[in-house]
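Please read the structure below before turning to the comments.
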Amino acid sequence: MSRRVDKLVVHCSATPEGRDVSAKDIDRWHRGQGFRKIGYHYVIRLDGTIEKGRDEAEVGAHVQGHNANSIGICLIGGVSADDPKIAKDTYTPEQWTSLETLLRDLLTRYPHAEILGHRDFPGVAKACPCFDVKSWWASRQQASKPVCPTCNRLLD
Ligand SMILES: [Zn+2]
């Protein structure tokens, strides 16, 4: 690994609920904004497909002041279909599964990385990614612990 990664940052595309958007679309938008290419490393589409953006070894362009040591993941969605100004948790069951799978995979390569949302950085005046990443991740950790099949109690 050519750079130190200690943060895995979850974003949303801030596109309306139900609209299918691809990494290629975001690449085009970001280039239109003057970026070299898509700013994220991964994009998770509505059907759960994980698409690659920048290479992990490459510094991204997704969170001001923290790009050098982070990886950016973008969930498609994040705003209401009726009003794009309204932040909304719009994610499909397939997106949640893929997000968890991707984060676990990234943790095998960056075991000490912190998992957080864009809005968790100080000074960020956005709702992105429109849910509480830290508490969600904590609940997933809990859910993945081994449970006794008869009494359902946690085994550790
Ligand atoms: Zn963001």
Side-chain angles (χ1 to χ4, degrees), residues 1 3-141:
M1 244 12 98
R3 65 186 182 110
R4 193 176 66 101
V5 169
D6 58 19
K7 288 183 173 62
L8 307 176
V9 187
V10 181
H11 295 264
C12 68
S13 59
T15 48
E17 179 166 24
R19 183 188 293 175
D20 192 28
V21 171
S22 68
K24 214 173 165 186
D25 294 324
I26 297 176
D27 184 56
R28 201 174 60 241
W29 300 340
H30 283 181
R31 285 172 197 263
Q33 289 167 22
F35 293 8
R36 275 189 305 113
K37 58 167 101 165
I38 186 170
Y40 307 117
H41 296 88
Y42 293 98
V43 170
I44 301 178
R45 292 178 71 167
L46 300 185
D47 68 357
T49 302
I50 299 170
E51 295 185 322
K52 283 196 166 197
R54 291 195 188 195
D55 193 85
E56 280 179 31
E58 239 181 302
V59 172
H62 57 95
V63 52
Q64 202 168 17
H66 299 274
N67 286 308
N69 59 331
S70 67
I71 283 185
I73 301 160
C74 178
L75 287 163
I76 298 303
V79 299
S80 160
D82 304 322
D83 183 349
K85 287 192 195 74
I86 298 174
K88 187 178 174 189
D89 171 349
T90 62
Y91 311 116
T92 65
E94 292 82 3
Q95 285 180 298
W96 288 116
T97 302
S98 292
L99 179 61
E100 186 174 348
T101 303
L102 176 59
L103 289 170
R104 291 197 190 284
D105 178 47
L106 289 167
L107 283 175
T108 64
R109 292 191 287 290
Y110 314 104
H112 303 294
E114 182 189 3
I115 292 170
L116 72 175
H118 189 183
R119 70 182 189 188
D120 297 325
F121 287 87
V124 174
K126 294 178 175 191
C128 177
C130 310
F131 71 100
D132 184 346
V133 174
K134 288 181 183 180
S135 67
W136 167 76
W137 182 247
S139 75
R140 297 321 300 156
Q141 297 293 88

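Start at 1 and go down the list; that is how both ligands and their atoms are numbered.
- Judged by distance alone, the side chain of S70 and the main-chain N or O of H66 form a donor-acceptor pair under 3.5 Å.
- For residue H118, an N/O/S atom approaches the Zn ion (ligand 1) to within less than 2.8 Å.
- Within the 6.0 Å centre-distance limit, the rings of W96 and F131 are counted as a close aromatic pair.
- With the Zn ion (ligand 1) at the apex, H11 ND1 and C128 SG define an angle of roughly 110° (rounded to 10 degrees).
- Residue side and main chain included, C74 places no N/O/S atom under 2.8 Å of the Zn ion (ligand 1).
- The existence of a salt bridge linking D27 and K24 is excluded, since no basic side-chain nitrogen approaches an acidic carboxylate oxygen closer than 4.0 Å.
- A salt bridge links E114 with K134: at least one charged nitrogen is closer than 4.0 Å to a carboxylate oxygen.
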